[in-house]
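Read through the structure below, which is laid out as structure tokens, and then see the notes.
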Amino acid sequence: MKLFNSKTNKNEEFVPRHAGEVHMYVCGPTVYNEAHIGNARPIIVFDTLRRLFEAHGMNVVYASNFTDVDDKIIQKAIAENVDEKVITSRYIDAYNAVRDSLHTRPLTYAPKVTDTMDAIIAFIKALEDKGFAYNVDGNVYFRVNKVDNYGEISKQNVDDLLVGARIEEETEKESPLDFALWKKTQEGIQWDSPWGRGRPGWHTECVVMINDRFHEMIDIHGGGMDLKFPHHDNEVAQSKALLGHGIANTWMHNGMLNIDGEKMSKSLGNVMLAKDIIAKIGANATRWMLLMAHYRAPLNISEEAVVQAQTELAKVETVLKQTEIKAQLSGFSLEGPADQASMTAFFDAMDDDLNTPNGFMALFETMKPLNQALRSRTPDATIVASYYQAVRRQLDVFGIDFPVVELTQEDRDDYEAYNQAKAGKDFVKSDLIRAKLADKGKL
RNA sequence: GGUUCCUUAGCCAAGUGGUAAGGCAAUAGACUGCAACUCUGUGACCGUCGGUUCAAAUCCGACAGGAACCUCCA
């Protein structure tokens, strides 16, 4: 399998550090709001990657955090006059509900910052002891010029950053590039620390949560493109400073998502909540739509994109349903091995840096012979089953699932009556039965 | 201003040196009692202008347009 590594800007052969096992971490949300459709992209992309690894028989340890300490959370808690926990648990639940409704496989670990606080404080203290951090009146900053190759993930170099740095109003930092590890706070949730009461900076949380769970370098670190700088560069800088190694062999970043060609933002009033779109078009169509483009490319959401996803998905549903119905009426089994050529084409596409558009092509090129085999005068059950299995297995990697249609005795009787009415040219009756079968979703 | 990246048919979207995948929409036909479904056929001077090469959508340069980040938004 090849994956594009943001660290090297190259497609690289992916070799896990431990044979047969993939350790991956994806930056999770700050839980101060409902998940929007943009948040759904990394959820879907990395769940699909995980499914692909599992389809190859690998074991995946998948961690993704909840950032439940943040200014925005504190502000919201103050605005609603409640404890931060009320806010964070509300949106953690909402986020989990979105994950579940998108048919994602369960996370192995979903750590929270508040549950990792001791380790975070110890980590910052160790950075300070080694001279990588300094305390200014209760605020602790990371000394960026102490690490080599800062900016390796985003391909920024320190000189350019210094040139582009804005004049900062706060002058207590040694360098404008230094970032906060610990912030002195007067309001909101806070903890005791060697530097006084305060709360941790965002960049330390992820690196500690990763180290806390994996205790070594991991295989894949994922997240949105927008997190490359400064977040991921800062994670790497801290890890190198204290642990002497980077964080992940492979860094993967998903592209951003636009609505009708514009960035999604509150000021434009075009924020689409994930739960709303899932409720409207369903998990299958949502996943299909977000996987239509390659994960690194920008993706535009529009009414047309929704319609296209729904149309294409309907074709998949139709062929599955018709195959299942025909198999049951004809009394043959759909069990058996998947068509080998089709699966090879599919994995060739997907193993090439998760090329889902080409994966869909392989799926379409499997559906075509399935339709042909299904409609031949004397369907070959083995051939039908092999294409059917291929379609099902490919859909499973995409995380798209349709329940298997089970014909009841009444359904079988309806089919019998339908065919008889047609044979007797009683089209009024046959149309009625056909409509009934269609209503039941059994046509 | 700096960094990184993108620009392929009406639309979505693959393709990273060797005669431009796939899908949606459109259209013609086959199948059907009619329809739906399905199958078959029909579409691209690859943003513009230069350059390298026997050969470029693919490499290099310029220009135009767009995006992300540099302001703790995936």
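Chain naming here is simple, since letters A, B, ... match the order of the sequence lines and numbering starts at 1 in each.
Nucleotides B:A21 and B:A9, compared at atom P, are 14 Å apart to the nearest Å. B:A36 and B:A25 are spaced 13 Å apart, taking the P atom of each and rounding to whole Å. For the P atoms, the distance linking B:U19 with B:A13 amounts to 25 Å, nearest Å. One C1' atom belongs to B:G15, the other to B:G23, and the distance between them is 15 Å to the nearest Å. Rounded to a whole angstrom, the distance from the C1' atom of B:C5 to that of B:G47 is 16 Å. Across the C1' atoms, B:U4 and B:C45 are found 32 Å apart, a figure rounded to whole Å. Going from the C1' atom of B:U42 to that of B:G51 covers 38 Å, rounded to whole Å. Between B:U48 and B:C11, the distance separating the two P atoms is 15 Å to the nearest Å.
Rounded to an integer number of Å, the gap from CG of A:L363 to P of B:G23 is 11 Å. Rounded to an integer number of Å, the gap from A:N9 CG to B:U3 P is 15 Å. Look at CZ on A:R41: it is 13 Å from P on B:A68, rounded to the nearest Å. When the P atom of B:C11 is taken as reference, atom CE of A:M292 falls 15 Å away, rounded to whole Å. We find that CE of A:M361 is positioned 15 Å from C1' of B:C12, with the value rounded to whole Å. Residue A:L257 contributes atom CG, which lies 14 Å from atom C1' of B:C12 at whole-angstrom precision. Distance CE (A:M256) to C1' (B:A67): 10 Å, rounded to an integer number of Å. Atom CG in A:D348 sits roughly 16 Å away from atom C1' in B:G22 (whole-Å rounding).
Annotation: proximity of residues 295-309 of chain A to RNA chain B (heavy atom, distance under 4.0 Å) is found for A:E304, A:Q308, numbered in ascending order.
The side chain to side chain contact (heavy atoms under 4.5 Å, CB included) check on A:D380 picks up A:T382, A:I383, with sequence neighbours excluded. Shown here are the ring pair (Phe, Tyr, Trp, His ring centres under 6.0 Å) partners of A:F53, two or more places apart in sequence or in another chain: A:F14. Applying the side chain to side chain contact (heavy atoms under 4.5 Å, CB included) criterion to A:A309, with sequence neighbours excluded, gives A:W288, A:M289.
Listed here is the closest heavy atom pair of A:W182 and A:G138: CD1-O, 3.6 Å. Residue A:H231 comes nearest to A:C206 through the heavy atom pair NE2-SG, 3.4 Å, listed as atom of the first residue, atom of the second, then distance. In this structure, A:V404 and A:R392 approach most closely via the heavy-atom pair CG2-NH2, 3.7 Å. Residues A:R296 and A:M225 come closest through the heavy atom pair O-CE, 3.4 Å.
In this model, a side-chain donor or acceptor of A:D431 finds a partner on the base of B:G33 within 3.5 Å. For A:R434 and B:A36, a side-chain-to-base donor-acceptor distance below 3.5 Å is absent, hydrogens and geometry of angles not being considered.
Ranked by how close their nearest RNA chain B nucleotide is to the 5' end, A:Y95 and A:K425 are led by A:K425. A residue-by-residue look at A:P29 and A:P230 shows that A:P230 has its nearest nucleotide of RNA chain B further toward the 5' end.
Side chains of A:R99 and A:Y95: a donor-acceptor N/O pair is absent below 3.5 angstrom, by distance only.
Closest to the A:D352 side chain, of the nucleotides B:A68, B:U4, B:G15, is B:G15. Considering only the side chain of A:N254, B:A74 comes nearest among B:U4, B:A74, B:A13. Considering only the side chain of A:T311, B:C24 comes nearest among B:C24, B:A13, B:A74. Taking only side-chain atoms of A:T318, from C-beta outward, the nucleotide of B:A14, B:C37, B:C34 with the closest atom is B:C37. In the set B:G33, B:G15, B:G22, B:G22 carries the atom at the smallest distance from any side-chain atom of A:E365.
Under 4.0 Å is where a charged nitrogen must lie from a carboxylate oxygen, and between A:D396 and A:R105 at least one such pair does.
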Could I get a table of every N or O pair under 3.5 Å where one atom is in the protein and the other is in nucleotides 39-42 of chain B?
unit_1, atom_1, unit_2, atom_2, d
B:C39, O3', A:Q372, NE2, 3.1

Under 3.5 Å, which donor-acceptor pairs do the side chains of residues 362-374 of chain A form with other protein atoms, sequence neighbours left out?
unit_1, atom_1, unit_2, atom_2, d
A:T366, OG1, A:S342, OG, 2.4
A:T366, OG1, A:A362, O, 2.7
A:N371, ND2, A:M367, O, 3.4

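Contacts of A:S430 with the nucleic acid, taken as non-hydrogen atoms under 4.0 Å apart, include base atoms. Contact annotation for A:G255: base contact, defined as any heavy-atom pair under 4.0 Å involving a base atom.
Aromatic rings from A:F360 and A:F398 are positioned such that their centres are separated by under 6.0 Å.
Proximity of A:N355 to the phosphate of B:G15: a side-chain N or O atom is located under 4.0 Å from OP1 or OP2.
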